[in-house]
Amino acid sequence: MLLANKTVIVTGASRGIGRAVALECARQGARVIIGHSGSAQGRTAAFSLMEEISGFGSHGIEVGSDAADPDTGARLVTAALDAFGGVDVFVNNAGICPFHSFLDMPRETYLRTVDTNLNGAYFAVQAAANQMKKQGSGGAIIAVSSISALVGGGMQTHYTPTKAGLHSLMQSCAIALGPYGIRCNTVLPGTIATDINQEDLADEEKRAYMIRRTTLGRLGAPEDIAGPVVFLASDMARYVTGAALLVDGGMFVNLQ
Ligand SMILES: NC(=O)C1=CN([C@@H]2O[C@H](COP(=O)(O)OP(=O)(O)OC[C@H]3O[C@@H](n4cnc5c(N)ncnc54)[C@H](O)[C@@H]3O)[C@@H](O)[C@H]2O)C=CC1
Ligand SMILES: C[C@H](O)[C@@H]1OC(=O)[C@H](O)[C@@H]1O
């Protein structure tokens, strides 16, 4: 098992990519802190995930706290310390993408997106890194960024800068935290069919276009992202830091 005896924190783990990552980590032997928004729906989903994780003979603990809150990272770390005695891996996954045009972008939508996707992440990564430094045995931090860190989106002008920001944060943290043996990497998913884009991809023409853009001929599933995250979290990737792994079914390279 790739993550035996490790404690992993995953934000936004109640559904979608975060859920698949949390499950695969548990399947690989990790204890998991399941971060979620704190909504009733999030809590119910987190409890059902805890049960599924128990089925693998591992342990999951749910923590409801808004990813946009700068104190959420500290809450997740405290829960990991209380329940499992430390933190080995931090996966920053929580994010929102409320599609909207640029010229009339509501200020509130912009600020909420940046706070949820990037500002909260900054302080959460800082909290996890300080704990890993204290433990003295290194660690792994993985940000779930996006292909959108590399390309634009006309209805995503508030979102793509947060994804580029996460990618950049991991590059800088790889330098800042390397001396402590803490590796920092980014996963860049392409288009993965989840709740975040359900409405957008309900448009059959758009869905068909997004599928055509991939060279593998299909949209991604949350489980397609879990393996790459587990790899980067594991000792198999012990010399990988400051790297970005595009997991997009060939979407980015498919120009002509
Ligand atoms: N689905 C896709 O095509 C892609 C998704 N991503 C990124 O993957 C990450 C996960 O998204 P998906 O699983 O696709 O969507 P999703 O909507 O299914 O999951 C998002 C998760 O983040 C949580 N979340 C949202 N706001 C939160 C808040 N304020 N506090 C705590 N948790 C909060 C949600 O509860 C949910 O668990 C996001 O960061 C997204 O930007 C990146 C590239 C492509
Ligand atoms: C939510 C979008 O469908 C999805 O999110 C991303 O980060 C990619 O750019 C896709 O557009």
Side-chain angles (χ1 to χ4, degrees), residues 9-23 33-46 48-49 62-73 75-76 91-100 109 111-121 123-124 142-167 169 186-203 206-207 209-211 213-214 218-226 228-229 244-249 251-252:
I9 297 174
V10 185
T11 68
S14 62
R15 62 173 197 244
I17 292 171
R19 188 176 198 282
V21 166
L23 266 179
I33 297 292
I34 301 162
H36 64 90
S37 66
S39 68
Q41 210 180 5
R43 196 170 301 282
T44 305
S48 112
L49 180 56
E62 60 83 32
V63 178
S65 191
D66 185 355
D69 181 343
D71 292 327
T72 285
R75 282 184 201 118
L76 293 167
V91 182
N92 194 89
N93 166 76
I96 55 172
C97 182
F99 287 76
H100 205 287
T109 305
L111 292 173
R112 181 78 191 148
T113 303
V114 176
D115 281 344
T116 304
N117 296 5
L118 185 58
N119 292 337
F123 293 107
I142 297 130
V144 178
S145 169
S146 169
I147 189 175
S148 298
L150 312 176
V151 292
M155 299 290 277
Q156 295 176 308
T157 58
H158 50 329
Y159 174 78
T160 60
T162 67
K163 293 297 163 177
L166 282 175
H167 175 37
L169 177 63
T186 312
V187 169
L188 311 171
T191 297
I192 313 300
T194 66
D195 287 357
I196 207 171
N197 50 27
Q198 198 176 23
E199 212 181 303
D200 188 49
L201 297 175
D203 175 346
K206 171 115 188 236
R207 191 184 189 87
Y209 168 72
M210 296 310 262
I211 292 171
R213 280 294 307 262
T214 69
R218 67 171 177 91
L219 297 179
E223 294 70 26
D224 293 324
I225 307 302
V229 171
L245 180 50
L246 193 56
V247 189
D248 69 344
M251 183 179 268
F252 183 76

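Side chains included, hydrogens not; waters and symmetry mates left out as well; all remaining heavy atoms used. Just so you know, ligand 1 is whichever comes first in the structure, and atom 1 is the first atom listed for that ligand.
Near N197, meaning under 4.0 Å from one of its heavy atoms, ligand 2 places the atoms 1 (C), 3 (O). Less than 4.0 angstrom separates some heavy atom of I196 from each of these atoms of ligand 2: 1 (C). Within ligand 2, the atoms closer than 4.0 Å to a non-hydrogen atom of Y159 are 5 (O), 6 (C), 7 (O), numbered from 1 in the order shown. For ligand 2 and F99, the ligand atoms under 4.0 Å from any heavy atom of the residue are 1 (C), 2 (C), 3 (O).
Taken from CG in L188 to OG in S145, the straight-line distance is 5.0 Å, to the nearest 0.5 Å. Taking OG of S148 as the reference point, atom NZ of K163 lies at 8.0 Å (rounded to 0.5 Å). I34 contributes atom CD1, which lies 11.5 Å from atom CG of L76 (distance to the nearest 0.5 angstrom).
Residues in residues 194-203 take part in these side chain to side chain donor-acceptor pair (under 3.5 Å) pairs, two or more places apart or across chains: R15-D195, D200-K206. Sorted by first and then second residue, the side chain to side chain donor-acceptor pair (under 3.5 Å) pairs with a member in residues 152-161 form an empty list; sequence neighbours excluded.
Among all non-hydrogen protein atoms, the one lying nearest atom 9 (O) of ligand 2 is S148 OG, 2.3 Å. Here the heavy atom of the protein found nearest to atom 10 (C) of ligand 2 is T191 OG1, 3.8 Å. At the top of the distance list for atom 7 (O) of ligand 2, counting protein heavy atoms only, stands S146 OG, 2.5 Å.
Under the 4.5 Å side-chain criterion, counting only non-hydrogen atoms from C-beta, D248 is not in contact with T214. Within the 4.5 Å cutoff, the side chain of H36 has heavy atoms near those of the R43 side chain. For the pair I142 and T186, the minimum side-chain heavy-atom distance is 4.5 Å or more. Between I192 and I17, some side-chain heavy-atom pair lies under the 4.5 Å cut-off.
Contact residues of ligand 1 (protein heavy atom closer than 4.0 angstrom to a ligand atom; sorted by chain and number): G12, S14, R15, G16, I17, H36, S37, S65, D66, A67, N93, A94, G95, I96, R112, T116, V144, S145, S146, Y159, K163, P189, G190, T191, I192, T194, D195, I196, N197.
With sequence neighbours left out, R75 forms a side chain to side chain donor-acceptor pair (under 3.5 Å) with S65, D69.
Within the 4.0 Å heavy-atom criterion, the part of Q156 lying near ligand 2 is the side chain and not the backbone.
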